[in-house]
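Small disclaimer: the values here were computed from a predicted structure and weren't measured. Every chain is numbered from 1, with letters handed out A, B, ... down the list of sequences.
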2 protein chains.
Amino acid sequence: MSSISVENYLKNIYELEASEKKVTTNIIADKLKIAPASVTDMVKKLSSKGFLRHVPYKGVEVTEKGKRSALKIIRKHRLWEMFLVEVLHFSWDKIDDEAEAFEHIMSERMEQKIDEVLGHPVVDPHGDPIPSKKGIIRHIEYDPLTKVEEGTVVQVVRVNDAHPELLEYISKIGLFLKTKMTVLQRIKFDNSFIVKIGSKKQFLSQRMAESIFVQRV
Amino acid sequence: MSSISVENYLKNIYELEASEKKVTTNIIADKLKIAPASVTDMVKKLSSKGFLRHVPYKGVEVTEKGKRSALKIIRKHRLWEMFLVEVLHFSWDKIDDEAEAFEHIMSERMEQKIDEVLGHPVVDPHGDPIPSKKGIIRHIEYDPLTKVEEGTVVQVVRVNDAHPELLEYISKIGLFLKTKMTVLQRIKFDNSFIVKIGSKKQFLSQRMAESIFVQRV
DNA sequence: ACATTAATTTAGGTAAGCCTAAATTAATCA
DNA sequence: TGATTAATTTAGGCTTACCTAAATTAATGT
Ligand SMILES: [Mn+2]
Ligand SMILES: [Mn+2]
Ligand SMILES: [Mn+2]
Ligand SMILES: [Mn+2]
């Protein structure tokens with residue numbers, strides 16, 4: 001089987017492909033907090049094993065084989081996040097570290113038990129899709145709050161989970177996954193928002209609004 | 001923090017002290033499935049860090065510091081075993097591997113959540129005591145079934161968890177932790193036993209009976 | 001086209017945790 | 001007591017996954 005290190009490389013490179021046009025050595029080094037020279041080493045190793053395609057000085061791509069591995073790890077990560085929230089009552093801003101480690105030691109049997117106990121969930125606590133056992137993932141492109149017109153009633157369907165501080169803040173104002181809210185005002189000066197959650201008006205900066213994805217109801 | 005390897009050495013050496021008069025390099029090597037020469041290396045390292053006391057060519061002992069570490073790991077191991085059985089519906093003969101890995105990546109926060117969800121259990125699924133958060137462990141010496149006279153009604157309070165095959169077999173005949181049974185007959189020829197579990201008579205060899213601990217009811 | 005600069009790779013190391021083979025020590029028994 | 005044997009330690013290596021510093025390459029701007 002693959003080491004923890006290898007699994008983290010594959011998962012992160014796969015995820016970077018969604019946000020970067022070219023996945024470069026430096027971008028990987030940055031994400032994994034590892035020196036660029038070390039990334040080059042590992043990238044060469046993973047290429048020779050058929051998990052990546054690497055054009056020196058150009059960038060890196062995951063192969064089909066690499067993608068399959070990445071999706072297995074992502075499935076475990078997201079199932080475990082769900083489990084932490086639903087069964088162990090963790091709050092959604094304090095689960096990433098735990099899941100980051102657990103994704104690597106979760107056996108097939110464990111994965112299945114957790115999936116059963118949770119009733120086969122299709123999204124994690126931040127609204128990210130959970131790949132199926134066969135490695136199929138359904139990407140849905142939701143609109144960020146910034147795309148929504150004043151007066152619209154929306155439901156939160158996904159929140160960028162990269163910054164726990166954002167999750168912590170929006171929890172405090174009552175904004176969770178599935179929360180419904182009305183967009184009261186977009187402030188033209190800086191593209192920030194006033195929304196109504198329950199009976200209260202709440203403020204969301206542009207940066208926040210960009211990380212909150214919604215559907216009109 | 002300590003590595004997985006270090007944690008496994010400490011836990012296993014601590015546990016070996018209960019069953020061996022002297023814990024020697026070879027005994028440790030055998031238990032951990034590591035070459036004796038490697039054990040010597042690690043033992044020297046752990047001694048220099050104050051976790052063990054080592055008299056070359058003689059044997060090894062855990063210090064108070066080493067014992068504290070060992071008990072933390074054992075607590076995590078046993079809590080997680082309990083969780084696997086109670087919440088994830090694993091059977092008691094298929095949990096040791098999972099717990100063996102998880103004991104090392106379980107954070108304090110996780111330990112606490114699990115302890116809460118389980119309602120602060122004091123024994124694991126095999127009847128072994130769970131050390132308290134402060135590292136206090138209550139050893140109770142129960143009688144093995146081999147010490148019980150014919151005709152006695154007993155309750156199972158602990159089963160040696162070292163051999164999954166034993167656990168698997170006794171589950172099949174309806175013998176679990178807390179099961180009550182009547183000792184019908186001790187066969188003098190080989191010290192095996194006939195017991196009554198529910199309405200059925202069941203056979204237990206001497207080796208089995210030695211691993212099943214009971215209390216008279 | 002060509003020099004500068006930024007990204008990337010190469011070269012040379014380190015630490016942890018393992019290994020095998022050889023040397024040493026302690027225990028046993030003739 | 002001295003020789004044999006079994007356990008243990010020492011010596012020397014290997015692999016993984018990192019690191020820093022130096023060399024190389026590609027991209028950019030004049
Ligand atoms: Mn990870
Ligand atoms: Mn998530
Ligand atoms: Mn372990
Ligand atoms: Mn147990």
Side-chain angles (χ1 to χ4, degrees), chain A residues 1-14 16-17 19-62 66 69-70 73 97 100-101 103-105, chain B residues 1-14 16-17 19-62 66 69-70 73 97 100-101 103-105:
Chain A
M1 286 289 108
S2 297
S3 70
I4 291 177
S5 213
V6 164
E7 292 189 351
N8 279 330
Y9 271 90
L10 289 176
K11 187 187 75 163
N12 281 284
I13 292 170
Y14 171 82
L16 283 169
E17 282 188 351
S19 56
E20 313 285 333
K21 31 186 162 322
K22 264 279 137 174
V23 179
T24 66
T25 302
N26 264 5
I27 289 173
I28 298 167
D30 214 67
K31 182 92 185 292
L32 296 178
K33 289 169 193 310
I34 285 170
S38 308
V39 171
T40 300
D41 275 1
M42 182 62 98
V43 158
K44 281 201 299 194
K45 198 174 91 179
L46 295 181
S47 299
S48 81
K49 290 192 177 172
F51 290 105
L52 300 177
R53 230 164 293 126
H54 180 220
V55 183
Y57 291 101
K58 290 296 186 168
V60 108
E61 265 176 17
V62 294
S69 298
I73 303 156
D97 290 349
E100 200 53 57
E103 64 190 2
H104 309 293
I105 64 152
Chain B
M1 284 290 107
S2 296
S3 70
I4 291 177
S5 213
V6 164
E7 292 188 353
N8 279 329
Y9 271 91
L10 290 176
K11 186 187 76 162
N12 282 285
I13 293 170
Y14 171 82
L16 283 169
E17 283 188 350
S19 56
E20 313 286 334
K21 31 187 164 317
K22 264 280 137 172
V23 178
T24 65
T25 302
N26 264 6
I27 290 173
I28 299 168
D30 213 68
K31 183 92 184 291
L32 297 178
K33 285 162 193 311
I34 284 169
S38 308
V39 171
T40 301
D41 275 1
M42 183 61 97
V43 158
K44 281 203 297 194
K45 198 175 88 181
L46 294 181
S47 299
S48 81
K49 289 191 176 171
F51 290 105
L52 299 177
R53 231 164 294 125
H54 180 220
V55 183
Y57 291 101
K58 290 294 186 171
V60 108
E61 265 177 17
V62 295
S69 298
I73 304 156
D97 290 349
E100 201 51 58
E103 64 190 1
H104 309 292
I105 65 153

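- Candidate nucleotides C/dT8, C/dG17, D/dT9 were compared by shortest atom distance to the side chain of B/Thr40, and D/dT9 ranks first.
- Here the side chain of A/Ala35 is nearest to one of C/dC18, D/dC19, C/dT9, namely D/dC19.
- For the pair B/Lys11 and B/Glu100, the salt-bridge criterion is met [side-chain N within less than 4.0 Å of a carboxylate O].
- Here B/Lys22 does not reach the OP1 or OP2 of C/dA27: none of its side-chain N or O atoms lies under 4.0 Å away.
- For A/Lys58, counting side-chain heavy atoms from C-beta on, the closest listed nucleotide (D/dA17, D/dA27, D/dT9) is D/dA27.
- Put simply, A/Asn26 has a side-chain N or O that comes within less than 4.0 Å of OP1 or OP2 on C/dT8.
- A straight line from NZ of A/Lys45 to C1' of D/dT16 spans 6 Å, rounded to a whole angstrom.
- Rounded to whole Å, atom P of C/dT10 lies 16 Å from atom CE of A/Met42.
- For B/Tyr57, taking side-chain heavy atoms from C-beta onward, the closest of the listed nucleotides D/dC18, C/dT25, D/dA26 is C/dT25.
- B/Thr25 comes within contact range of the sugar-phosphate backbone alone, with a heavy-atom separation under 4.0 Å but no base atom that close.
- Among the nucleotides D/dA21, D/dT8, C/dA26, the one closest to the side chain of A/Ala37 is D/dA21.
- Phosphate contact (OP1/OP2 of C/dT10, side-chain N/O of A/Lys44, threshold under 4.0 Å): present.
- Per the geometry, CD1 belonging to B/Ile27 stands 8 Å off P belonging to D/dT8, to the nearest Å.
- Set against D/dT9, D/dC18, C/dT9, the side chain of B/Pro36 has D/dT9 as its closest nucleotide.
- The separation between A/Ile4 atom CD1 and C/dA16 atom P is 18 Å, rounded to whole Å.
- Once rounded to the nearest 0.5 Å, the distance linking NZ of B/Lys45 with NE2 of B/His54 reads 15.0 Å.
- Note: CD (B/Glu7) to P (C/dA16) measures 16 Å, nearest angstrom.
- Here the nucleotide nearest the side chain of B/Tyr9, chosen from D/dT9, C/dC18, C/dT8, is C/dC18.
- The NZ atom of B/Lys44 sits 13.5 Å away from the CG atom of B/Leu52 when rounded to the nearest 0.5 Å.
- Set against D/dT8, D/dC18, C/dT8, the side chain of A/Ile34 has D/dC18 as its closest nucleotide.
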